[in-house]
Amino acid sequence: MLLLRDHMDEKFLKPYNPGATEDKIYRLWETSGFFNPDNLPKRHREPFSIVLPPPNVTGILHVGGALMVVIEDIIVRYKRMRGFKTLWLPGTDHAAIATNTRVEKIIYKEEKKTRYDIGREVFIAKVEKFVAENRGALKHQIKQMGASLDWDREAFTLDKKRSLAVKTAFKMMYDAGLIYRGTRIINWDPRGQTTISDDEIVYEERLAKLFTFKYSKDFPIAISTTRPETKLGDTAVAVHPDDKRYQKYIGQTYKVNFAGANLEIKVVADEIVDMEFGTGALGVTPAHSQIDAELALRHNLPSIQVINEHAKIKLPIPGLEGEKTVAAREKIVKWLKTEGLLIKEGEITQNISTAERTGSVIEPLPKLQWFVDVNKPIEKRGGKSLKQLMHDAVASGQIKILPERFEKEYFNWINNLHDWNISRQIWYGHRIPVWYRNNEIYVGVDRPDGLDWEQDPDTLDTWFSSGLWTFSALGWPERTRDLEIYHPTDILETGYDIIFFWVARMILMSEFLLGDIPFKTVYLHGLVRNEKGKKLSKSLGDNVDPLSITDKYGTDALRMALIVGVGPGSDSKLSNDKLKAYKNFANKLWNIARFVLSQERPADGKTGLDQELVNEFSALTKDITNDMENYRFYIAAEKIYAYIWHRFADEILEESKKMSSRRETLYYILENSLKLLHPFMPFITEEIWSELKASAKPPEPRSLLMIETWPS
RNA sequence: GCGCGGUUAGCUCAGUUGGUAGAGCAUCCCCUUGACGUGGGGAGGGUCAGAGGUUCAAGUCCUCUACCGCGUACCA
């Protein structure tokens with residue numbers, strides 16, 4: 001049985017108890033004020049800043065979010081100890097589409113009503129109530145992870161200041177001709193009743209039927225399609241100019257009656273047509289296909305919209321009008337058969353576009369929408385387009401993306417980038433700052449003077465406001481001191497799954513609006529999967545709640561389990577074994593402290609330091625510091641773990657039982673080990689640190705490990 | 001189609017610039033009850049997916065192949 005020395009707290013008689021420690025320690029940190037860089041001691045001069053990727057207010061943080069918080073907290077704590085004036089700025093994201101859809105579902109479940117039934121105002125009020133409730137829970141979870149965020153600067157992507165930022169950005173881009181309104185083929189989500197951007201599409205491979213047929217008996221060319229119902233809107237057949245089979249028909253126009261629709265089909269020649277596919281002839285439906293719309297533009301073809309916003313036939317054709325697309329398809333195929341027009345029915349695999357949020361099959365429709373022009377040369381940016389600005393920021397090395405392989409993906413995405421559809425027909429979000437009156441249009445931050453102005457009913461894509469985050473969170477468009485000190489931010493840490501959604505858009509916005517990069521380094525982490533290797537997904541309800549893990553194992557153990565052995569950008573699995581291992585480690589450290597504290601600390605220099613062990617420790621420190629500087633946190637964590645357990649405890653400490661002269665060295669190693677470990681396991685290290693200080697003789701002033709100097 | 005990643009001990013995964021294979025868990029043996037809600041010492045276990053190449057030396061660099069996963073384009 002251990003003899004309790006008079007200076008030792010009773011708690012050291014028991015194993016480490018995270019539950020009893022963590023809340024207390026977090027409160028200690030919060031009341032110290034040091035999360036706010038303004039309160040840091042004088043030695044913290046050079047600024048260092050990170051903005052927290054704002055989690056969606058839709059739900060609770062799952063372990064993927066926890067990983068993000070942990071990596072950033074490790075970086076931030078390390079930098080703070082290194083003496084930087086460190087700011088980590090928190091916030092939450094209103095997540096327009098996600099939240100809108102979520103609340104719509106809840107309302108439908110509870111009241112069997114749609115948002116159209118209850119109206120815009122009532123709906124928004126309900127969403128805001130939902131958001132307010134969720135934000136509290138989210139914040140609590142982030143704190144539970146030990147995040148040393150400056151809550152004094154907390155922001156929300158839909159609060160007043162951010163709203164001003166969004167409207168200002170919109171106006172600046174509109175004035176520069178980068179935002180325009182036009183009718184284009186867009187991705188329509190019939191279930192969500194809104195447009196979505198290309199990035200919000202999820203492709204699913206499915207088997208589909210490919211029908212080969214003629215429009216009518218006297219039409220000379222057969223075509224193939226998987227969607228006969230859209231053929232009601234065909235205005236041309238396109239063939240390859242070199243295709244000998246069809247050359248004689250090029251330029252001819254045929255009048256046909258196709259399933260009740262009177263069509264004028266012109267035969268045009270275009271290089272885009274693949275002679276090998278199907279019959280080598282392409283039925284052109286300008287209203288429901290991007291490619292066909294481009295063809296129509298080139299050949300001056302009219303466009304007939306066949307399908308409406310509810311994915312139903314809108315043409316006034318008896319028997320077809322009002323039918324859903326799939327039903328209409330069956331009817332038309334049946335008609336083709338009875339007319340003897342169907343030539344072939346085959347199967348092909350095709351990628352079908354579905355909406356990320358609702359799972360609905362995307363219907364390409366022509367619609368009047370707002371877009372960001374990514375190709376227009378910008379005068380005040382040296383004639384570069386947004387595309388070029390995004391490209392150059394990374395290509396020039398101003399922004400470094402880690403791991404490097406994602407730079408390739410980034411460039412690849414830019415090469416394939418089309419104009420960005422930014423208007424959404426949902427209600428929750430930043431309303432488009434445009435007002436109309438008769439033929440007048442007004443774009444501005446505030447409603448224009450005068451009567452009869454009507455604001456655009458649409459809202460903006462969530463990522464429009466998220467794109468401003470690094471600077472809107474710091475107060476832009478106001479020229480704040482924070483903006484001056486902390487922008488560009490140093491590191492943007494986020495999951496690789498939103499590199500296009502978010503990282504690219506932030507670069508776009510910052511480059512145009514500020515003429516500067518938003519961050520110097522992008523560090524991308526991978527997905528956290530469950531033990532079976534399955535992707536954790538919010539929509540599947542496959543949440544792993546970090547709170548239940550911290551209850552069982554302690555936050556420090558969870559942090560280690562999430563970090564160790566997980567390289568940047570690679571997916572990881574969280575297992576109970578791993579959590580248990582680091583829970584045991586916490587207890588091991590606790591017992592090490594107990595042992596060291598059970599021995600009176602000699603006055604400085606009395607027993608002297610074992611120079612060999614001190615040198616060994618310096619080498620370790622150098623090594624770990626090098627890893628920290630190079631974002632190898634997963635290796636650094638493993639090294640300090642191995643040292644503390646298998647070198648310090650197993651060997652140094654064991655040997656010391658036979659040599660009383662080691663005592664001062666033991667204290668030295670323990671103190672400095674706590675410092676190296678603190679970014680990874682902040683709670684237990686801070687707790688032991690406070691015991692060390694309390695037991696010192698003569699008593700040392702209270703101090704926080706959190707702002708101690710990183711060893712050199 | 002194009003691209004990226006993975007393939008290392010029974011399981012989950014590390015392995016920074018090429019220099020005689022590592023961790024955690026699991027298995028087996030021994031020891032510990034005066035730091036340890038357990039811990040310590042030790043053992044077994046890998047032709048580093050396969051083939052070829054560069055090199056004094058390759059898990060690490062190059063080429064090809066296979067399987068798994070992912071991204072993206074096209075999709076009539």
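Per chain, numbering begins at 1; letters A, B, ... match sequence-line order.
Picking from B:A35, B:A76, B:G15 the nucleotide with the shortest atom distance to the side chain of A:L282 gives B:A76. Taking the side chain of A:A649 as heavy atoms from C-beta on, and the options B:G40, B:A35, B:A76, the nearest nucleotide is B:A35. Minimum atom distance to the side chain of A:D650 is reached by B:G40, of the listed B:U16, B:G40, B:G37. The nucleotide whose nearest atom lies closest to any side-chain atom of A:I592 is, among B:A35, B:A76, B:A73, B:A35. You'll find that the side chain of A:H646 is closest to B:G40, out of B:G40, B:C75, B:U16. Closest to the A:F277 side chain, of the nucleotides B:G15, B:A76, B:G40, is B:A76. Of the candidate nucleotides B:A76, B:C25, B:C4, B:C4 has the atom lying nearest to any side-chain atom of A:E409. With B:C36, B:A76, B:A14 as the candidates, the nucleotide lying closest to the side chain of A:E638 is B:A14. The side chain of A:N584 has B:G39 as its nearest neighbour among B:G39, B:G15, B:G24.
Between A:F258 and A:Y215, the ring planes lie perpendicular to each other; the angle is over 60°, past the 30° to 60° tilted range. Under the 30°/60° scheme for interplanar angles, the aromatic rings of A:Y254 and A:F219 are found to stand perpendicular. Taking the six-membered ring where the residue is Trp, A:Y249 and A:Y246 present tilted rings, their angle falling between 30° and 60°.
As judged by a 4.0 angstrom heavy-atom cut-off over every strand, A:R405 is placed among residues touching the sugar-phosphate backbone only. Among the protein residues, A:N351 comes within range of the nucleic acid bases, having at least one heavy atom under 4.0 Å from a base atom. Within the nucleic acid shown, A:H418 has no heavy atom closer than 4.0 Å to any nucleic acid atom. The residue A:K588 sits close to a base: some heavy atom pair falls under 4.0 Å. Across all strands shown, A:K657 has heavy atoms under 4.0 Å from base atoms, whether or not it also approaches the sugar-phosphate. Among the heavy atoms of the strands, none lies under 4.0 Å from A:I223. Residue-level contact check: A:T212 touches neither bases nor backbone, having no heavy atom under 4.0 Å from any strand. Using a 4.0 Å heavy-atom criterion, one finds that A:A238 contacts no nucleic acid atom at all. Using a 4.0 Å heavy-atom cutoff across all strands shown, A:S289 reaches no nucleic acid atom at all. Within 4.0 Å of A:Y641, counting heavy atoms only, lie sugar-phosphate atoms of the nucleic acid but no base atom. Across all strands shown, A:L210 has heavy atoms under 4.0 Å from sugar-phosphate atoms exclusively, and none from any base. At the heavy-atom level, A:V273 lies under 4.0 Å from base atoms of the strands shown. Among the atoms of the strands shown, base atoms are found under 4.0 Å from some heavy atom of A:Y203. Residue A:D274 is in base contact, counting any heavy-atom pair closer than 4.0 Å across all strands shown.
Across all strands shown, B:G10 is found opposite B:C25 as a Watson-Crick or G-U wobble partner, with both distances under 3.5 Å. Base pairing analysis places B:G69 opposite B:C4; the two distances defining the Watson-Crick or G-U wobble pair are each below 3.5 Å. When both pairing distances are held under 3.5 Å, B:G52 makes a Watson-Crick or G-U pair with B:C62. For B:G46, there is no paired base (Watson-Crick or G-U wobble, both distances below 3.5 Å).
A:L402 places its CG atom 16 Å from the P atom of B:U16, with the value rounded to the nearest Å. Distance, A:W590 CH2 to B:U38 C1': 17 Å, rounded to whole Å. Atom P of nucleotide B:U72 and atom CZ of A:F411 are separated by 18 Å, given to the nearest angstrom. Rounded to whole angstrom, the span from the CG atom of A:D571 across to the C1' atom of B:C4 amounts to 12 Å. Atom CG in A:N17 sits roughly 17 Å away from atom P in B:C36 (whole-Å rounding). A straight line from NZ of A:K583 to C1' of B:G24 spans 17 Å, rounded to a whole angstrom. Rounded to an integer number of Å, the gap from A:L653 CG to B:U32 P is 20 Å. Rounding to whole angstrom units, OH of residue A:Y496 and C1' of B:G71 are separated by 9 Å.
Between A:N412 and B:A73 there is no side-chain N or O to OP1 or OP2 distance below 4.0 Å. Applying the 4.0 Å criterion to OP1 and OP2 of B:G3, one finds that A:W413 has every side-chain N and O outside that range. Phosphate proximity of B:G15 to A:Y634: present, with a side-chain N or O under 4.0 Å from OP1 or OP2. Within the structure, a side-chain polar atom (N or O) of A:S570 is placed less than 4.0 Å from OP1 or OP2 of B:A14. Considering only side-chain N and O atoms, A:N415 lies nowhere under 4.0 angstrom from the phosphate OP1 or OP2 of B:U72.
Across B:G22 and B:G59, the matching P atoms stand 13 Å from one another, rounded to whole Å. B:G5 and B:G39 have their P atoms separated by 39 Å, given to the nearest Å. Taking atom P in both B:U72 and B:U65, one finds a spacing of 25 Å when rounded to whole Å. Here, B:C13 and B:U7 have their C1' atoms 12 Å apart, quoted to the whole Å. Between B:C70 and B:C56, the two P atoms lie 42 Å apart (nearest whole Å). Atom C1' of B:C68 sits at a distance of 26 Å from the matching atom of B:G53, rounded to the whole Å. B:U54 and B:G18 have their C1' atoms separated by 12 Å, given to the nearest Å. Spacing of C1' atoms, B:C67 relative to B:G50, comes out at 11 Å, to the nearest Å.
Put simply, the side chain of A:K408 and the base of B:C4 share no donor and acceptor less than 3.5 Å apart. Taking only distance into account, the side chain of A:E654 meets the base of B:A35 through a donor-acceptor pair shorter than 3.5 Å.
Between A:T325 and A:H288, every side-chain heavy-atom pair lies at or beyond the 4.5 Å cut-off. Residues A:R559 and A:I74 form a side-chain contact, since some pair of their non-hydrogen atoms from C-beta on lies under 4.5 Å apart. Proximity of A:E629 to A:Y78: side-chain heavy atoms (C-beta onward) are separated by under 4.5 Å at one or more points. A heavy-atom distance below 4.5 Å is found between the side chains of A:F617 and A:N672.
Judged by the 6.0 Å and 45° rule, A:K331 forms no cation-pi pair with A:W335. Under the 6.0 Å distance and 45° angle rule, A:K588 does not count as a cation-pi partner of A:F648.
A residue-by-residue look at A:A581 and A:I635 shows that A:I635 has its nearest nucleotide of RNA chain B further toward the 5' end.
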- Quick one: do A:E671 and A:K693 satisfy salt bridge (Lys or Arg N to Asp or Glu O under 4.0 Å)? Show the steps, please. CA-CA 10 Å; A:E671 277 200 359; A:K693 295 294 129 181; 3.5 Å; yes
